[in-house]
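Contents: one structure, followed by commentary.
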Amino acid sequence: MRYAETGYNLEIDLSKGSIERVPTDPKLTELHLGGLGTNARIIWDRVPPDVDPLSPDNILIFSTGLLCGTPAPGANRTIVSTISPQTLLMHFSMMGGFLAPELKYAGYDKVVIKGKSPSLVYLWINNDKVEIRDATHLHGKGALETAELIRQELGEPRAQVAAIGLAGENSVYFASIEHGRSSASRGGIGAVMGSKGLKAIAVRGTKDVHVAKPERFFELCNEVLKYIEFRAKNPIKGVPPILAGIGSPQEMAIHDEEWHTTSFAWGNARHRRKGFWTKEVEESWRRSQERAVQRLVSCYNCPMKCGAIISYPALGVSRYMMKCYSKLTYVMAAMADDLDFGFSIAGLAQEYGVDGYSTPQVMAFAVELYEAGILTDADLPGFPKDNKERFFYLLEKIVRREGIGDVLAKGVYWAAREIGKGAEAFDHNTIKRHEQIPIKLGMLNPIYFVMWATGEKANITQIEGQLPQAPFPTKELREDFVKDWIQVPTGKEERFKKFVLEWGDPGTEFPFYPPIDLICELVDWQETMHYIDDSTGICAGLSSFPLKPPYHIHNLPLIISAATGLEIDEDGLWEIARRNRTLVRAVNVRRGLRRKDEKPPEDHWKKRFPEYEAKILDEYYEYKGWNKEGIPKKETLERLELDFVAQDLVRRGILEGNGEGK
Amino acid sequence: MKPEKKKKIVKTIRIDVDKCNGCRACEVVCSAFHAAPKYGSNNPGRARIRVIHEPLKNIFLPVYAGEYTAAECMGRDKYIIDGKEYDECAFCRASCPSREAFKEPDSELPLKCDMCESDPPLEKPLCVQWCLNDALVYEEREEEVDEEEEKPEDAELAVEALIDKYGFDKVSDVLARIAAAKAASKKA
């Protein structure tokens, strides 16, 4: 009997039209847990480094996390992994919602898809019955519309559906996979789905998911729920409201957006508007949000209400769901001061299926190129004067890949190079060819420097967490924070608490504080917690992302052990996360990732310290067991039972036989 | 002679659909509690509560499994509340031939909410305990009722459903055959 997992993957070859139910090796669960970990293993094993992301040989994996489908609160993430057409590296965009648990109940841990269907199809997984069905009638349909049509035609209102919109069908490099309540957005994984001729996946499951130690597991779940209640009553003092609670930032419930609107950059990641948040703006945005938000909603088995149902008939916006910061990304990129615009364009963008981070930035980039005369009326015939209208115009061009939209559809990095004429200079906010959150600050933050540079999920929110983002202003607040900071790893309590207690005192200013060894430990802790979540399918909003989350390094090993029957302690879990993280790095190293790619945007901070930054990166690589190029050393790989990776990298000449990179 | 009046605790769950966030934790924990061994597995398909969950219509409606019924209704109702049309049978608690709700997925035997009956009794049903948004609130009240009728047991309900499905003769044949086989295996 397999616990927590089902022990079966579905293997689909869309070129052949074949469907297989394949048992998985329990040893891989011990080594990698599941989710991202086992996805990385499949990609390492089956996708050679020369595979073109949009070719039939690329693999697209829809994976459940190890704990999805068990009663562990918030374990509902679907981890979608593939090689990104935009970054040319492995991407593992993830989504909450209801798909992963349903897949478990249908009897599968993953759906592994390769090949390319000759015509548009969708996949219908109904327990043991799995079909590849015609979807030509769904061509061009919106992502949410598609889900509804499929449920109707199957007569299965309880089927969970993930679908692409027009952007995915047209292989836009930042196309998303939409699932109503949530979406897997980053890295153009929707384009990979489109390139395979796969419009949607629909799942219905009514089988049992087992846990190994029922009473113990249930008791641990109850403790998590108790802590969620405790945190609801005890917000963190001394931080902005948006950071005080748990879950994804509660931006559907909270209308106070002073922190985002004054700290993040507007336009093409250019301008901070420190005086933006006035009483008038606050009042107008509050009204707008109250009109738009119909209900606060959750993902599967989670009491948090990070999402909202949005409906805004006055704007002609039909119902969709939204969460977090996506209400602001279009508003800020378009320099539009009203929130109505955000609710309005985000709904349309979701039907087309595009990423809410990259899309607004690509459009702001295009507007700048037009204003600089690099793009002209010949490229943008009939381009409106008003910025909001321009964004709607550009969205249509991009998802249809019409005219200049065909180029912009590749994202800022590739478009800048294709357009030329100096457009490259306007590509100032990408890392590893991928648009980043628009933040431009003054003094180098050495902790964030490491995270921006080395994060492999290419989104800062998926590596940061646990730590306050700024020093607490008073001694009392610092003491209050550390007094019940139970989440700190064993052996690090004194160092991490001392850091919070003294940070803000004279002599603790960036960039030469904190000391580099402490930076390494703090970053490694933050990243490791994410890699654990990515394998269990627990939402980062209850775990790796917020301050003082209900899941942490002390209860996660107990929960995973009780669910699976494996004996995993804190060190063991840390080791698995390190193995998974290193394997993802190895996949990317094999595809060419090197130190030169690990650079935050030059203007991310005004004050930079190139020599000191190089020193920090050297020491962090060393701490991770990587060489100076950021390549995992032979001994590191062997220690993590990744000998086969070491051998492959040596054979390819990426690693020398002695363990040092070339 | 008049039947004697007895005091009875009536257990109620007050359902506030406006507070439901659609997380379906109630389905998860219900199915885990009723699993064998307890909490050993879960499967919302076996839950005795179901959230009718149509987010894009803003429909969030937790419904508990009630009595088993052998025949479906002659007519069907649709409700329109606050402009939202609820599918026919949405509010109905019956395990009934017209739909898949409130039946064991494999055997199609009927399911019924028992308010998490257990020994010792729980303070409140688990669906209520796990609903941190208070869409489900447990309430007890005392009522005077006529002397209680004998309530059929779960097993009796299950057999009744089998009889409705296969006919009395078929079920009694099968029971007799199983009894004979068991007796034979004991002897051996």
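Note on naming: letters A, B, ... go to the chains in the order of the sequence lines (proteins, then strands), and numbering restarts at 1 for each one.
Contacts of C26(B) with chain A are absent, with no heavy-atom separation under 4.5 Å from either backbone or side chain. Of the two parts of N42(B), the backbone and the side chain both hold a non-hydrogen atom closer than 4.5 Å to a non-hydrogen atom of chain A. The contact between E102(A) and chain B is made entirely by side chain atoms (from C-beta outward), counting heavy-atom distances below 4.5 Å. Proximity to chain A is limited to the side chain of E27(B), based on heavy atoms less than 4.5 angstrom apart. In this structure, chain B has no heavy atom under 4.5 Å from any part of I310(A). If you measure heavy-atom distances from R158(A) to chain B, the contacts under 4.5 Å come from the side chain alone.
Annotation: maximal heavy-atom pairing with chain B below 4.5 Å, among E148(A), K213(A), E229(A), R295(A), occurs at R295(A). Of the residues considered (Q294(A), K104(A), E215(A)), E215(A) shows the highest number of contacts with chain B, using heavy-atom pairs under 4.5 Å. Comparing K38(B), K19(B), R50(B), R46(B) by heavy-atom pairs within less than 4.5 Å of chain A, the highest count is held by R50(B). Note on D106(B), N58(B), L132(B), D87(B): by heavy-atom pairs under 4.5 Å with chain A, the leading option is N58(B). Ranked by non-hydrogen atom pairs under 4.5 Å with chain A, the options G40(B), A32(B), C131(B) are led by G40(B). Between chain B and the residues N127(A), D208(A), L144(A), the largest count of heavy-atom pairs under 4.5 Å involves D208(A).
The shortest distance between side-chain heavy atoms of V209(A) and N43(B) does not fall below 4.5 Å. Inter-residue side-chain proximity for P44(B) and Y105(A) is flagged as met; some heavy-atom pair is nearer than 4.5 Å. L296(A) places none of its side-chain heavy atoms less than 4.5 Å from the side chain of N21(B). Y39(B) places none of its side-chain heavy atoms less than 4.5 Å from the side chain of T70(A).
Between E100(B) and R204(A) there is a salt bridge, since at least one side-chain N of the basic residue sits less than 4.0 Å from a carboxylate O of the acidic one. For E104(B) and K207(A), the salt-bridge test fails: no basic side-chain N is under 4.0 Å from an acidic carboxylate O.
Taking the six-membered ring for Trp and thresholds of 30 and 60 degrees, F98(A) and H53(B) have ring planes inclined between 30 and 60 degrees apart.
Residue-environment remark: OH (Y166(B)) stays at or below the threshold of 12 foreign heavy atoms within 6.0 Å. Remark: E144(B) CD is packed, more than 12 non-hydrogen atoms of other residues, nucleotides or ligands lying under 6.0 Å away. The neighbour count for E117(B) CD, taken as heavy atoms of other residues, nucleotides or ligands under 6.0 Å away, does not exceed 12. In the displayed structure, Y79(B) atom OH is contacted under 6.0 Å by at most 12 heavy atoms of other residues, nucleotides or ligands.
Residues A25(B) and N301(A) approach most closely at CB-OD1, 3.3 Å, considering heavy atoms. Contact between P55(B) and I309(A) at its shortest, heavy atoms only, is O-CD1, 3.3 Å. When all heavy atoms of P37(B) and P214(A) are compared, the closest pair comes out as CG-CG, 4.3 Å.
Here OG of S318(A) is found 8.5 Å from CG of L56(B). Values are rounded to the nearest 0.5 Å.
Using modelled atom types and a 3.5 Å distance limit, the side chains of N222(A) and W130(B) yield a donor-acceptor pair.
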